[in-house]
Amino acid sequence: PPQTPVRAVMNTIQQLVMILNSASDQPSENLNSYFNNCTVNPKESILKRVENIGRIFKEKFAEAVGQGCAEIGSQRYKLGVRLYYRVMESMLKSEEERLSIHNFSKLLNDKIFHTSLLACAVEVVMATYGRNTYQSHDSGTDLSFPWILNVLDLKAFDFYKVIESFIKAEASLTREMIKHLERCEHRIMESLAWQSDSPLFDLIKQSKEREGSVDHLLEPTST
Amino acid sequence: GQDYHFGLEEGEGIRELFDCD
């Protein structure tokens with residue numbers, strides 16, 4: 001269900017904190033059944049990716065805020081993974097209702113989908129728990145968006161694709177968190193998606209070729 | 001400020017966005 005103003009206002013950070021604190025670190029039974037319904041079961045690659053990205057995230061976090069806060073980094077990531085599994089399940093449930101299909105093999109074996117969804121979940125946790133705990137360390141590195149994109153080596157345009165579905169799928173987001181994701185969205189649309197290595201340019205080219213119209217839009221280099 | 005603007009149309013969802021339809 002789309003986010004209604006009342007629901008967003010009613011939700012408090014405590015709600016999401018309580019939900020994440022009691023959530024499991026592993027995929028739920030429901031989520032496992034979605035994995036089992038896939039032509040190619042994605043579970044192993046999902047678990048492997050969560051582990052690999054976790055190592056990188058904790059390393060970069062400790063580098064950014066100091067080894068003394070390394071434990072905070074692993075806590076943030078842990079909660080991010082819980083949110084990632086929770087939102088994935090909710091997304092699949094609504095897609096199942098919308099499309100009345102049960103086999104999401106292609107989507108669930110898509111590395112970019114998972115990396116984007118995980119990045120969004122970790123970004124929400126980072127924004128939720130804020131920076132006050134490690135604010136005192138003059139780390140110089142700003143961990144707010146788009147820091148997570150560099151850590152996960154993720155293109156902004158791919159991150160952008162999950163934002164709206166994430167907001168729809170996670171009913172416990174607060175107004176501030178939705179506003180935060182919306183600011184990320186705008187920053188991507190206004191600048192980050194137009195950087196020269198963005199996948200956007202290939203997509204524009206492909207759609208132009210499909211339309212068969214003259215390709216006047218693309219400049220050789222993005223300005 | 002006003003609420004989040006849901007831009008996805010009918011028949012557009014995460015599956016379409018990741019070319020899995």
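A, B, ... follow the sequence lines: proteins, then strands. Residue 1 opens every chain.
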Visitor: Find the one option among A:Glu185, A:Lys161, A:Glu164 whose heavy-atom pairs under 4.5 Å with chain B are most numerous.
Guide: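 The residue among A:Glu185, A:Lys161, A:Glu164 with the greatest pair count is A:Glu164.
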
Visitor: Heavy-atom distance under 4.5 Å to chain B: side chain of A:Leu99, backbone, both or neither?
Guide: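 Only the side chain of A:Leu99 comes within 4.5 Å of chain B.
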
Visitor: Are there more than 12 heavy atoms of other residues, nucleotides or ligands under 6.0 Å from atom CG of A:Asp153?
Guide: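 Count not over threshold, so no.
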
Visitor: Under the salt bridge (charged side-chain N to carboxylate O under 4.0 Å, His left out) criterion, do A:Lys106 and B:Asp19 qualify, and how do the steps go?
Guide: CA-CA 9 Å; A:Lys106 196 154 184 266; B:Asp19 306 332; over 6 Å; no

Visitor: Is it the case that the ring center of A:Phe35 lies less than 6.0 angstrom away from the ring center of A:Phe104?
Guide: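 So the answer is no for these two rings.
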
Visitor: Counting heavy-atom pairs under 4.5 Å to chain B, which of A:Met91, A:Arg98, A:Glu95 comes out on top?
Guide: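 Answer, by heavy-atom pair count under 4.5 Å with chain B: A:Arg98.
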
Visitor: Is the number of heavy atoms from other residues, nucleotides or ligands under 6.0 Å of A:Ile112 CD1 greater than 12?
Guide: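 No, the 6.0 Å shell around CD1 holds no more than 12 heavy atoms from other groups.
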
